[in-house]
Amino acid sequence: MGVLRILGPQGDTTLTWDPKAPEEVEEVRRRFEEIVREGYLVFELDPATKQAERVHRFDPEQKELRAIRPMAGG
């Protein structure tokens, strides 16, 4: 089971998918591509080490993804 957490202006949105469920995978893939086009940065979080690595493509085998909007300095 995978999870994509989108941290945005409207709060925290969570999407989950089962890698064996093609409909779920495709729905999350579409949302992933949409948020990347909107300027979000997506990171894969390693559950064991809590280290994050930026990803540019959705892979249904990923376990935990976090998407955030970059903040502009003033």
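- A salt bridge links E64 with R66: the closest approach of a Lys/Arg side-chain nitrogen to an acidic carboxylate oxygen falls below 4.0 angstrom.
- With hydrogens and angles ignored, the 3.5 Å screen pairs a side-chain donor or acceptor of Q62 with a backbone N or O of D59.
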Result block: side-chain N/O donor-acceptor pairs under 3.5 angstrom for residues 34-55, not counting sequence neighbours:
unit_1: E34; atom_1: OE2; unit_2: R31; atom_2: NH1; d: 2.3
unit_1: D46; atom_1: OD1; unit_2: A48; atom_2: N; d: 2.8
unit_1: D46; atom_1: OD1; unit_2: T49; atom_2: N; d: 3.3
unit_1: T49; atom_1: OG1; unit_2: Q51; atom_2: N; d: 3.2

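- Among T16, I68, T14, the one residue that satisfies the side chain to side chain contact (heavy atoms under 4.5 Å, CB included) test with R5 is T14.
- Atom CZ of R30 and atom CD of E33 lie 9.5 Å apart (nearest 0.5 Å).
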Next on the checklist: With side-chain contact (heavy atoms from CB on, under 4.5 Å) as the criterion, how do R29 and E26 come out once you've worked through the C-alpha distance, each side chain's angles and the decisive distance to 0.1 Å?
Outcome noted: CA-CA 5 Å; R29 181 186 317 279; E26 190 53 35; 3.6 Å; yes
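- Here the two rings, on W17 and F32, have centers that are 6.0 Å apart or farther.
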Item to check | Derivation and outcome, side-chain contact (heavy atoms from CB on, under 4.5 Å), residues L4 and F58 | outcome: CA-CA 10 Å; L4 168 60; F58 176 74; over 6 Å; no
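- V3 and L15 are not part of a single hydrophobic cluster, where members link through side-chain heavy atoms under 4.5 Å apart.
- Shortest non-hydrogen contact noted between P19 and E61 is CB-OE2, 3.6 Å.
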